[in-house]
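These numbers come from a predicted model, not from an experiment.
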Amino acid sequence: SPFFLFGIRYFSRLGIRNSRFLMSRPFYITTTLPYVNAEPHIGFAFELVSADIIARYKKLQGHEVFFNTGTDEHGVKVYRKAMEEGKEPQPYVDEYAEKYRALITALGISSDIHFIRTTDQVHKKAAQELWRRCKASGDVYKKKYRIKYCVGCELEKTESELQNSRCPVHPNLELEIRDEENYFFRLSKYQERLLTLYGEQGDFVVPAFRLNEIRSLMKEKGLEDFSISRLKSKMPWGVPVPDDETQVMYVWFDALVSYISTLGWPADEASFRKWWIDTGGIVQCAGKDQIRQQAVMWQAMLMSAGLPPSKQIVIHGFIQSGGEKMSKSLGNTIDPFALVKDYGTDAVRFYLARHIHPFEDSDFTLEKFKEAYNADLANGIGNLTSRIMKMSSEYIQTTDMQLEVNEYGYPRKYKGGLESCNVQDTATVITETVSVIDRHIQETEPFKLVKKDKETGKAAITLFVKDLKHLAHLLRPILPDTFEAILSAIRNNTMPAKPLFPRK
């Protein structure tokens with residue numbers, strides 16, 4: 001029957017082959033740790049969902065996965081925000097850490113995710129141990145200095161980095177002048193080793209143009225040592241510097257250590273070796289404003305401490321709104337909790353995966369979200385599921401459903417997107433699959449055929465149920481709840497109890 005051949009032809013054309021998943025090496029993926037000086041925003045929601053999709057996919061491929069996130073709770077802007085709200089720093093960061101934990105639940109993030117806080121005692125001890133190792137390598141020294149400093153970035157700024165005497169990332173903040181004696185890290189010592197690392201690992205930073213940017217900057221201007229401590233008398237909220245009670249650690253030196261403190265370093269050598277040394281992959285997800293910290297500062301710190309470098313850093317763009325940078329003052333921020341409340345967890349996950357570019361800046365408005373929701377989900381996945389299961393429940397007995405077929409693997413483009421951390425390519429395969437199946441239903445009209453030729457019509461409908469099952473498996477890493485709802489409808493041979501995605 002040509003109907004039974006459709007599934008084989010279609011899924012083969014996408015590059016799918018029957019496959020068995022083999023157990024693979026451990027895989028480690030981490031988001032950045034957002035500052036707790038503001039409510040969770042849609043940009044971090046995108047990073048968290050993207051990492052979760054990759055983590056879920058890796059698990060389905062047979063990998064043992066360590067998925068990490070958390071909160072960055074030290075630094076000047078966190079301390080000042082606590083003071084503004086009339087709170088002591090620790091209760092303040094405790095409150096905001098819970099908000100980020102709540103975001104994990106709201107976005108349907110994997111329940112086994114690890115959550116590290118930089119105020120955890122195990123993390124503080126790890127940061128202090130890394131400091132000691134860098135000092136033992138001769139890379140920590142003390143000097144007086146005067147710089148221009150952006151509190152928003154928690155970074156010093158050179159004249160070449162400024163636009164109209166302001167930081168281009170935080171143009172609403174005035175630069176502060178820092179004039180004090182602090183400890184410095186000998187970053188300049190590691191320029192050649194870093195350039196060698198970039199050359200040896202061609203995909204060290206994804207996308208490649210981000211690595212080219214930082215490589216060109218290093219060759220043109222060279223690396224300068226950077227301050228890694230602050231006077232405790234001026235800014236008391238930080239990890240104490242070992243053997244110097246007058247200083248606390250610079251927030252970036254502290255926060256970056258979270259990538260290994262969450263693995264139990266330095267106390268748990270077996271865990272650290274498993275996930276950081278013998279692992280089949282390490283992926284660090286971060287925004288484009290962190291390329292310097294992730295690819296330069298952190299790698300040099302690891303080298304100084306005698307530890308292996310990262311394996312891959314994935315840099316995404318910013319999410320804007322109506323062509324402007326999101327900010328509370330402009331009133332164009334997007335609350336991920338409100339989106340989930342209005343549209344549901346899977347709707348938010350799918351939009352972030354399908355319509356936010358993985359590497360470039362993207363524009364987000366509520367109007368665009370609603371339009372995509374109705375097109376992709378209400379009229380797409382939701383409507384297709386209802387059409388197929390309506391035909392199946394009317395014309396096919398449950399006992400007639402022979403769905404115990406060999407499972408297909410993933411299309412090349414779908415798999416390639418996840419392997420390259422381009423979840424948009426993967427989500428695009430899903431919308432393409434929905435369109436092809438929907439078009440084939442229109443062409444074959446099985447609901448009419450079954451009335452003319454019962455057996456051929458039933459065979460056609462069964463094929464479409466099989467196609468729906470395959471679609472559900474493609475949805476699994478991205479829309480876990482929808483995957484379960486579709487499989488439940490197929491198992492019970494009934495329409496979903498309620499519309500998967502009600503039209504808005």
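For Tyr373 and Phe350, the gap between ring centers reaches or exceeds 6.0 Å. Aromatic rings of Trp275 and Phe66 (six-membered ring for Trp) have centroids within the 6.0 Å cut-off, being under it. For Phe364 and Tyr351, the ring centers are positioned less than 6.0 Å apart. Taking the ring centroids of Tyr96 and Tyr100, they lie at or beyond the 6.0 Å cut-off. In this structure, Phe226 has its ring center no closer than 6.0 Å to that of Trp252. For His114 and Phe67, the distance between ring centers is not under 6.0 angstrom.
In plain terms, the two heavy atoms of Leu187 and Ala300 that are nearest each other are CD1-CB, 3.5 Å. Of all heavy-atom pairs between Leu194 and Ala295, the closest is CD2-O, 4.1 Å. Nearest heavy atoms, His355 versus Gln424: C-NE2, 3.9 Å. The shortest heavy-atom contact between Ser258 and Ile116 is CB-CG2, 4.2 Å. Of all heavy-atom pairs spanning Thr426 and Lys413, the tightest one is OG1-O, 4.5 Å. Val314 and Phe359 get closest at one heavy-atom pair: CG1-CE2, 4.1 Å.
At a threshold of 4.0 Å, the pair Arg133-Glu129 counts as salt-bridged, since one of the basic side-chain nitrogens sits closer than that to a carboxylate oxygen. Salt-bridge formation is detected for the pair Glu180/Lys234: a Lys NZ or Arg NE/NH1/NH2 atom is positioned less than 4.0 Å from an Asp or Glu carboxylate oxygen. Using a cut-off of 4.0 Å between Lys/Arg side-chain N and Asp/Glu carboxylate O, Lys143 and Glu181 are scored as not salt-bridged. For the pair Arg354 and Asp376, the salt-bridge criterion is not met [side-chain N within less than 4.0 Å of a carboxylate O]. Of the charged side-chain nitrogens involved, none lies within less than 4.0 Å of a carboxylate oxygen, so that Glu64 and Lys58 do not count as a salt-bridged pair. Note on Asp278 versus Arg25: no salt bridge recorded, every NZ/NE/NH1/NH2 to OD/OE distance being 4.0 Å or above. Using a cutoff of 4.0 Å between basic side-chain nitrogens and carboxylate oxygens, Asp94 and Arg117 are scored as salt-bridged. Using a 4.0 Å cut-off between charged side-chain N and carboxylate O, Arg56 and Asp52 make a salt bridge.
Inter-residue side-chain proximity for Leu195 and Tyr198 is flagged as met; some heavy-atom pair is nearer than 4.5 Å. Annotation: side chain of Leu231 is in contact with side chain of Asn182 (closest heavy-atom distance under 4.5 Å). Put simply, the side chain of Thr262 reaches to within 4.5 Å of the side chain of Asn68, judged on heavy atoms. No side-chain heavy atom of Ser50 sits under 4.5 Å from any side-chain heavy atom of Leu352. Side-chain contact between Thr333 and His41: absent, with no pair of heavy atoms (C-beta onward) separated by less than 4.5 Å. Counting heavy atoms from C-beta on, the side chains of Ile54 and Cys421 come closer than 4.5 Å. Looking only at side-chain heavy atoms (C-beta outward), Asp335 and Leu339 stay at 4.5 Å or farther from each other. In this structure the side chain of Arg230 never reaches within 4.5 angstrom of the side chain of Val251, judged on heavy atoms.
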Side chain to side chain contact (heavy atoms under 4.5 Å, CB included) assessment of Leu107 paired with Phe46: CA-CA 10 Å; Leu107 294 174; Phe46 166 71; over 6 Å; no

Stepwise side chain to side chain contact (heavy atoms under 4.5 Å, CB included) check, Arg210 with Ile214: CA-CA 7 Å; Arg210 294 293 182 197; Ile214 198 69; over 6 Å; no

Derivation of the side chain to side chain contact (heavy atoms under 4.5 Å, CB included) call for Val296 and Ile291: CA-CA 8 Å; Val296 180; Ile291 181 66; over 6 Å; no

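No donor-acceptor distance shorter than 3.5 angstrom exists from the side chain of Thr279 to the backbone of Trp276, with no hydrogens or angles considered. Between the side chain of Ser110 and the backbone N or O of Ile113 there is no donor-acceptor pair closer than 3.5 Å. At least one donor-acceptor pair under 3.5 Å links the side chain of Asp268 to the backbone N or O of Ser271. When atom types are taken as modelled, the side chain of Thr30 and the backbone of Tyr259 share no donor-acceptor pair closer than 3.5 angstrom. In this structure a side-chain-to-backbone donor-acceptor pair under 3.5 Å is present from Arg186 to Gly138. The closest donor-acceptor contact from the side chain of Gln128 to the backbone of Pro240 lies under 3.5 Å. Listed for the His63 side chain is no donor-acceptor partner under 3.5 Å among the backbone atoms of Gly281. No donor-acceptor distance shorter than 3.5 angstrom exists from the side chain of Ser229 to the backbone of Met249, with no hydrogens or angles considered.
Between the side chains of Gln284 and Ser310, at least one donor N or O sits under 3.5 Å from an acceptor N or O. Using modelled atom types, one finds a donor on one side chain and an acceptor on the other under 3.5 Å when comparing Asp346 with Thr482. When only modelled atom types and interatomic distance are considered, Asn422 and Ser420 share no side-chain donor-acceptor pair under 3.5 Å. One side chain, Asp225 or Tyr141, offers a donor N or O that lies under 3.5 Å from an acceptor on the other. Side-chain contact of Glu73 with Thr119: a donor-acceptor pair under 3.5 Å is present, judged by distance alone. Thr32 and Glu47 are linked by a side-chain donor-acceptor pair at a separation below 3.5 angstrom, with hydrogens and angles left out of the test. Counting only N and O atoms by type, the side chains of Gln299 and Tyr190 include no donor and acceptor under 3.5 Å apart. No hydrogens or angles considered: a donor-acceptor pair under 3.5 Å links the side chains of Tyr183 and Asp244. Under the 3.5 Å distance criterion, with hydrogens and angles disregarded, a donor-acceptor pair is assigned to the side chains of Thr31 and Thr69. Between the side chains of Gln61 and Tyr410, not a single donor N or O lies within less than 3.5 Å of an accepting N or O.
Within 6.0 Å of the CD atom in Glu269, the count of heavy atoms belonging to other residues, nucleotides or ligands does not exceed 12. Summarising the local packing, CD of Glu85 is surrounded by more than 12 heavy atoms from other residues, nucleotides or ligands at distances under 6.0 Å. Within a 6.0 Å radius of NZ in Lys311, more than 12 heavy atoms belonging to other residues, nucleotides or ligands are found. When the shell of 6.0 Å around NZ of Lys232 is examined, it contains 12 or fewer heavy atoms from other residues, nucleotides or ligands. For Lys59, the NZ atom counts as densely surrounded, since its 6.0 Å shell holds more than 12 non-hydrogen atoms of other residues, nucleotides or ligands. Heavy atoms from other residues, nucleotides or ligands lying under 6.0 Å from NZ of Lys142 number more than 12.
The side-chain contact (heavy atoms from CB on, under 4.5 Å) test with Leu475 is passed by exactly one of Thr433, Ile430, Leu487, Asp481: Ile430. Among Arg292, Lys288, Gln293, Gln294, the single residue meeting the side-chain hydrogen bond (donor to acceptor under 3.5 Å, both in side chains) criterion with Gln290 is Gln294.
In this structure, Gln201 CD and Leu211 CG are separated by 10.0 Å, a value rounded to the nearest 0.5 Å.
For the pair Arg101 and Phe115, the cation-pi test (distance below 6.0 Å, angle within 45°) is passed.
Ring orientation note: the planes of Phe272 and Trp265 are tilted relative to one another, at an angle of 30° to 60°.
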